[in-house]
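Remember, it's 1-based here, ligands and their atoms both numbered in the order they're listed. Side chains are part of it too, since the values below use all heavy atoms of this structure and drop only hydrogens, waters and symmetry mates.
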Amino acid sequence: MRNLSLLLLFLSITIATSALPAQDSTTPELDGRDGRELLLKNFRPQSKLKVKQTNLQRAKFPVVDVHTHFRHRFRHSPEQLDAYVALMDRNNIAACVSLDGQLGDDFREHAAYLWTKYPNRFLIFANIDWQGDGTENDPATWACHRDNFAERTVERLVEAKQLGASGLKVFKQLGLGYRNPDGSLIEIDDQRWDPIWKACGDLGLPVIIHTADPAAFFDDINEKNERWEELHRHPEWSFPADKFPSREHLLAARNRVIERHPKTAFIGAHVANNSEDLATVSEWLAAYPNLYVGFASRIGELGRQPYTARRFFLEHADRILFTTDGPWPETRVRLYWRFLETFDEYFPYAENEFPPQGFWNIYGIGLPDDVLQKIYHENAARLIPGLAGKLGSVISVEPQP
Ligand SMILES: [Zn+2]
């Protein structure tokens, strides 16, 4: 054990020194001062614009956040949950949908965490257990490659629904991570999973699916990449063409699943992961009446194309769900109100001093009240089983047909 920690110490020193630019302690950091060059990681431009600042403290109408991660982000901490419910109250968030339900006893544990104290403030989506008792790095041992995996998963989803699940969340590893016994990536539209998608329609469970990732993550990491700074910090978020299928391949496979299961509602997470190209997302929404989209962690993308984004929200007001990918710090949550409700110009899309997802600021899209109400809660109340009942006294909504 001691040898191991010495080795790790040695390795971290080696890594630390090799990662540093060749300079000794007398060389000043490239901070842009006194005629020195400036490293991108040190760039902190402060806008000199004097424009209206509408720092909204709460949403104009009650909100349902359909994309949150209360298991992954809070690790079942009761204190953090209490603090977040207080934040929800301050911000007019009536309910959150946790996408971290899993199945069976894990679902029960997550439900007890959220529902014991706050039965009407949370909904839970289940997840598929692709790996089961298999070994992580040996895909041949994974449960999903055994006979009748889809049928067994359907049974577990029936149970999850009895336990109170309101939907199914599919993570981006389907397409980018889960593998076949021969080492190839599992295709999203592999027909083995069709019974699962069909059952979700039969059970009335919407499927929120995260497919692929931002366009720049599939490009080479070079000086032309608009997410260079982020990919330089997180090279593991890059999906280079020599190792991964293209984004177009993944999104087309997902769309074939949506097309093959018209009675199942699909929610394309992160603007169906094509927020850089809203015209194409519009075509998908026209082609697939069972497709909805959330825009979690994409106000940075939408807010840099405010004219196009506003038209998109007005045109598809019945098909867009409010989502954040939180729980986030309150500063970031409030930026969602500012983006959706105001015409403020050139403001940050996150609380971080340094932009986390691209080097730009955003503009508000000033949505009208009727559209805000649809996006904030009406669409969700129609789509997500159990929600209308939970909202009950808070919001008057039409219950599920
Ligand atoms: Zn998420």
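Across His110, His72, Arg71, a single residue satisfies side chain to side chain donor-acceptor pair (under 3.5 Å) together with Asp100, and that is His72.
Considering just the N/O/S atoms of His67, the one nearest the Zn ion (ligand 1) carries the name NE2. With respect to the Zn ion (ligand 1), Asp325 has OD1 as its nearest N, O or S atom. Of all N/O/S atoms in His69, NE2 sits nearest the Zn ion (ligand 1).
Using cut-offs of 30° and 60° for the angle between ring planes, the His67 and His270 rings count as tilted.
We find that Arg247 and Asp219 are not joined by a salt bridge, their nearest charged nitrogen and carboxylate oxygen being 4.0 Å or further apart.
A cation-pi geometry, defined here as NZ or CZ lying under 6.0 Å from the six-membered ring centre and within 45° of its normal, holds between Arg254 and Trp284.
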